[in-house]
Amino acid sequence: QVSSGSTSFNSVTTSSSSGSTSSGVATGGGGGSAGSVFTSHSLLLNASWEPDIWGAIHRTVEASADGAQASAALLAVTRLSSQASLAQYYFELRGLDRDQQILNDTVADYNKILQYTRNRYAAGVAARSDIVQAQSQLETAKATAINNGILRAQYEHAIAVLIGLPPENFAVVAHAKTLHPPMIPIAVPSLLLERRPDVAQAERLMAQANAQIGLAISAYYPTLLLTGSASDTAQNYNHWLSLPAINWSVGPQLAETILDGGLRSATVAAARAGYESNIASYRQIVLAAFQDVEDNMVSVRILREQSIQLDKANASARLAVKLVLNQYKSGTADISALLTAQTAAYTAAKSAADVKYLRMTSAVGLIKSLGGGWNDTEIDPAPNEYN
């Protein structure tokens, strides 16, 4: 393997004139000299070659390749995190749309209760205080419905920033559709290590640190440099390849550091310490990855069970409102019982809706913890790229 090389090429053309003389007396008529002009061409070629005997260059390339792969994995980590945040913000926004629909329905129900109360007051079977209570509940529900728009706008702006758009020029049309999380196949632990970019990044950094140990150790060995030079001088190009005109030399140079004040040993110790640090970091990241998966799996499972119970509670609360409303119309229940039942129905409906969108965000978290759609082949170099 060649670690370094350099080549220089020079071509020099010179001109000169000389007189033909003999015994110090010039020849030619009239005391003058007969002159002749010739051109001399020279070619100089230098080259050096350093064999990678101790593997220093190989280790350098290996460490650089591992570092490049670690950077690619870090890019994948950042991309996956942004994608997960975008999905979670979107589902949170849709959850607020569903809450807004529930609030609008609740406002409509309070309007009906207020109208019933006014009719009963006009018939002389309800007190003025009943109208005031119904009016108070209605205004409170309206205020909550208005305030819900603040949080929705914040999620909308966060989505705009994540996709690289100015918030003022971005809007998501409100839609209260109920969403259901997909079925998520759970990978075995060995596959998990291949699907999480943060684990791949830690593994590549560990490999890079290992290669740097070999690079530091190679500094103990001498450096062998093979150099060679050749020159050719002739009066014309036809004589360049003639053997008498060619001069050449070749030879090795061996360099070794005798005293370095402990620099090389300290460099090797630092490389080994860095490698041990990367090993510990890799172990911690792997354990954190398993914990992340387990946490999200538990969250998805428990939220599914909670959703079933909250749906039952929501159905019971709505039935209670109908029963109390009929009792109120017939005069066997007062306004307080009806308003309490209506408030309980709103709370149950909101809780049942919110847990469904919590399930969606938990599903996003589980998919993220499983590495999304990423795998470690996306950072692998071509076969024998640096071997």
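The structure presented is a predicted model; accordingly, all values stated were derived computationally and were not measured. By convention here, the first residue in the shown sequence is residue 1. No hydrogens, no waters, no symmetry mates; every other heavy atom, side chains included, goes into these values.
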Hey, what do you get for [atom1] ([X]) to [atom2] ([Y]), rounding to the nearest 0.5 Å?
| X | Y | atom1 | atom2 | value |
| --- | --- | --- | --- | --- |
| Ser299 | Arg359 | OG | CZ | 10.5 Å |
| Thr332 | Gln327 | OG1 | CD | 4.5 Å |
| Gln212 | Asn278 | CD | CG | 8.5 Å |
| Thr144 | Leu103 | OG1 | CG | 6.0 Å |
| Arg94 | His175 | CZ | NE2 | 7.0 Å |
| Ile146 | Gln100 | CD1 | CD | 9.0 Å |

Worked verdict on Lys368 versus Asp292 for salt bridge (charged side-chain N to carboxylate O under 4.0 Å, His left out): CA-CA 9 Å; Lys368 176 186 175 184; Asp292 194 17; over 6 Å; no
Derivation of the side-chain contact (heavy atoms from CB on, under 4.5 Å) call for Thr140 and Tyr110: CA-CA 10 Å; Thr140 300; Tyr110 279 131; over 6 Å; no
Quick one: name the residues clustered hydrophobically with Met360, using the 4.5 Å side-chain heavy-atom rule over I, L, V, M, F, W, Y, and just say none if it's on its own.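 Direct or chained contacts put Met360 with Leu86, Tyr89, Tyr90, Phe91, Leu93, Leu96, Leu151, Tyr155, Ile159, Leu162, Ile163, Leu165, Phe170, Val172, Leu179, Tyr357, Val364.
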Decide yes or no for [X] and [Y]: does some side-chain heavy atom of the first lie under 4.5 Å from some side-chain heavy atom of the second?
| X | Y | value |
| --- | --- | --- |
| Asp311 | Val355 | no |
| Gln133 | Leu339 | yes |
| Tyr282 | Leu205 | no |
| Asn210 | Met206 | no |
| Leu80 | Pro197 | yes |
| Asp109 | Tyr346 | no |
| Ser369 | Arg196 | yes |

Donor-acceptor pairs are to be reported for all side-chain atoms of residues 347-354 against protein atoms at under 3.5 Å, with residues two or more places apart or in another chain.
| residue | atom | partner | partner atom | Å |
| --- | --- | --- | --- | --- |
| Thr347 | OG1 | Thr343 | O | 3.1 |
| Lys350 | NZ | Asp354 | OD2 | 2.7 |
| Ser351 | OG | Thr347 | O | 2.9 |

Where do Arg59 and Ser218 land on the side-chain contact (heavy atoms from CB on, under 4.5 Å) test, with the steps shown first? CA-CA 9 Å; Arg59 286 296 190 178; Ser218 66; over 6 Å; no
Taking [X] for the side chain and [Y] for the main chain, is one N or O donor matched with an acceptor at less than 3.5 Å?
| X | Y | value |
| --- | --- | --- |
| Asn314 | Leu310 | no |
| Ser136 | Val132 | no |
| Ser81 | Val77 | no |
| Ser307 | Leu303 | no |
| Asn147 | Ala143 | no |

Taking [Y] as the starting point, is it possible to reach [X] by hopping between hydrophobic residues whose side chains are less than 4.5 Å apart?
| X | Y | result |
| --- | --- | --- |
| Val293 | Val199 | yes |
| Val61 | Leu215 | no |
| Leu319 | Ile308 | no |
| Ile335 | Val321 | no |

Once side chain to side chain donor-acceptor pair (under 3.5 Å) is applied, do any residues pair with [X], and if so which ones, sequence neighbours excluded?
| X | answer |
| --- | --- |
| Gln101 | Arg98 |
| Asp105 | none |
| Glu156 | Arg152 |
| Asn119 | Gln115 |

Heavy-atom closest pair, residues [X] and [Y]:
| X | Y | result |
| --- | --- | --- |
| Gly67 | Gln208 | CA-NE2, 3.6 Å |
| Ala317 | Ala344 | CB-O, 4.1 Å |
| Thr117 | Ala134 | OG1-CB, 4.2 Å |
| Tyr121 | Ala126 | CD1-O, 3.2 Å |
| Ala363 | Pro181 | CB-CB, 4.0 Å |
| Ser362 | Asn296 | O-OD1, 3.8 Å |

Show the numbers, then the answer: is there a side-chain contact (heavy atoms from CB on, under 4.5 Å) between Leu358 and Thr361? CA-CA 5 Å; Leu358 284 176; Thr361 56; 4.2 Å; yes
Taking CZ in Arg283 as the centre, count heavy atoms belonging to other residues, nucleotides or ligands within less than 6.0 Å. Is the count above 12?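 Counting other residues, nucleotides and ligands, CZ of Arg283 stays at 12 neighbours or fewer.
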More than 12 heavy atoms of other groups within 6.0 Å of Arg120 CZ: yes
Would you tell me whether Gln88 and Glu92 have side-chain atoms, one donor and one acceptor, within less than 3.5 Å of each other?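 Their side chains do not contain a donor-acceptor pair, so the 3.5 Å distance test is not met.
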Stepwise side-chain contact (heavy atoms from CB on, under 4.5 Å) check, Gln342 with Leu338: CA-CA 6 Å; Gln342 184 62 52; Leu338 179 58; 5.6 Å; no
